[in-house]
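On a predicted model such as this, the values are computed, not experimentally measured, just so you know.
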Amino acid sequence: MMVIVAACWVPICTLNDKDVVLSSLPLFHSYALNLSVLGVLAVGASEHILERFSPDKILELLQSGKYSVFPGVPTMFHYLLQRAQESGVHRLADTRLCISAGAIMPAALNRSFEEHFGQRWSTAMASPKPRRWSP
């Protein structure tokens, strides 16, 4: 497991000891375990784990300036964008990275989120085509 974290999640997210991660991912899923638990521990980052996903609460917290990384799945980003558009929120303060995994991020949602927030994205997905590795 730590190889996955060291070789994948830490470089993808440029996760470091100064990061504060805001996560509402379910901890029984490998994405949350690898990034929100092992990744945070591996680099000495801090984290705030929410009991459940709430677009209003997450927007409020991301605007506080305390969080630098927000991991989610496309459905979460859809609801965050929708709620932000309804409430007039256009900034995520000091959040430097939103990362999506767990399902394919629709290109239209990706563009809309980036345009609305001016937010950098990182999308981590397994390749849809099998890869052949040679020794």
Side-chain angles (χ1 to χ4, degrees):
M1 282 292 230
M2 287 305 280
V3 171
I4 292 170
V5 172
C8 297
W9 286 111
V10 170
I12 287 170
C13 301
T14 60
L15 203 59
N16 64 70
D17 62 338
K18 292 175 182 45
D19 280 320
V20 181
V21 178
L22 177 62
S23 180
S24 63
L25 293 168
L27 294 177
F28 60 82
H29 191 280
S30 63
Y31 172 30
L33 287 174
N34 288 329
L35 177 62
S36 297
V37 176
L38 296 177
V40 167
L41 289 172
V43 300
S46 299
E47 182 168 30
H48 181 168
I49 298 174
L50 297 173
E51 188 174 333
R52 68 181 58 88
F53 175 74
S54 162
D56 289 321
K57 184 68 174 173
I58 290 173
L59 284 174
E60 173 191 331
L61 291 171
L62 290 177
Q63 289 178 62
S64 73
K66 296 178 184 177
Y67 304 98
S68 55
V69 178
F70 177 70
V73 296
T75 302
M76 290 175 162
F77 291 109
H78 169 79
Y79 286 118
L80 282 174
L81 177 60
Q82 182 180 39
R83 188 64 192 120
Q85 289 169 332
E86 293 168 357
S87 61
V89 173
H90 290 278
R91 189 159 147 28
L92 298 180
D94 294 329
T95 305
R96 69 171 181 82
L97 179 66
C98 291
I99 184 164
S100 180
I104 294 172
M105 173 65 79
L109 175 59
N110 190 356
R111 276 191 305 277
S112 295
F113 196 92
E114 286 181 343
E115 288 170 4
H116 185 83
F117 291 111
Q119 183 63 42
R120 178 179 162 229
W121 272 96
S122 183
T123 301
M125 287 300 303
S127 171
K129 295 180 182 176
R131 292 184 180 172
R132 300 207 186 266
W133 298 98
S134 45

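Closest non-hydrogen pair, L15 versus V40, comes out as CD2-N, 4.0 Å. Pairing each heavy atom of G65 with each of D94, the nearest pair is O-OD2, 3.5 Å. Across all their heavy atoms, L80 and P55 have their closest contact at CD2-O, 3.7 Å. Scanning all heavy atoms of the two residues, the minimum distance from S112 to L81 falls at CB-CD2, 3.5 Å. Considering all non-hydrogen atoms of both residues, P74 and I104 come closest at CG-O, 3.6 Å. C13 and I99 make their closest contact through SG-CD1, 3.3 Å (heavy atoms, listed as atom of the first residue, atom of the second, distance).
Judged by distance alone, with hydrogens and angles left aside, the side-chain atoms of S100 form no donor-acceptor pair with the main-chain N or O of M105 at under 3.5 Å. Between the side chain of S64 and the main chain of L61, a donor-acceptor pair closer than 3.5 Å is present. Between the side chain of H116 and the backbone N or O of R111 there is no donor-acceptor pair closer than 3.5 Å. At distances below 3.5 Å, not a single donor-acceptor pair connects side-chain atoms of T95 with backbone N or O atoms of L97. Using modelled atom types, no side-chain atom of Q82 and backbone atom of H78 make a donor-acceptor pair closer than 3.5 Å. With N110 contributing its side chain and P106 its backbone, the two residues share no donor-acceptor pair below 3.5 Å.
Taking CD of E115 as the reference point, atom NE2 of H90 lies at 12.5 Å (rounded to 0.5 Å). Summarising the geometry, atom CG belonging to L22 is positioned 5.0 Å from atom CG belonging to L50; distances are rounded to the nearest 0.5 Å. E51 CD to K57 NZ: the interatomic distance, rounded to the nearest 0.5 Å, is 12.0 Å.
Aromatic ring centres of F70 and F77: separated by under 6.0 Å. Taking the six-membered ring for Trp and the full ring otherwise, Y67 and H48 have centroids separated by under 6.0 Å.
For the pair R96 and D19, the salt-bridge criterion is met [side-chain N within less than 4.0 Å of a carboxylate O]. The pair R83-E86 meets the salt-bridge criterion, since a charged nitrogen lies less than 4.0 angstrom from a carboxylate oxygen.
Put simply, the side chain of V37 reaches to within 4.5 Å of the side chain of L27, judged on heavy atoms. For the pair L25 and M76, the minimum side-chain heavy-atom distance is below 4.5 Å. Counting only heavy atoms from C-beta outward, the side chains of V43 and V10 approach each other to under 4.5 Å.
Relative orientation of the Y31 and H29 rings is perpendicular, given thresholds of 30° and 60° on the angle between their planes.
Within 6.0 Å of the OH atom in Y79, the count of heavy atoms belonging to other residues, nucleotides or ligands does not exceed 12.
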- Starting from the C-alpha separation in whole Å, work towards a yes-or-no answer on side-chain contact (heavy atoms from CB on, under 4.5 Å) for R52 and S24. CA-CA 6 Å; R52 68 181 58 88; S24 63; over 6 Å; no
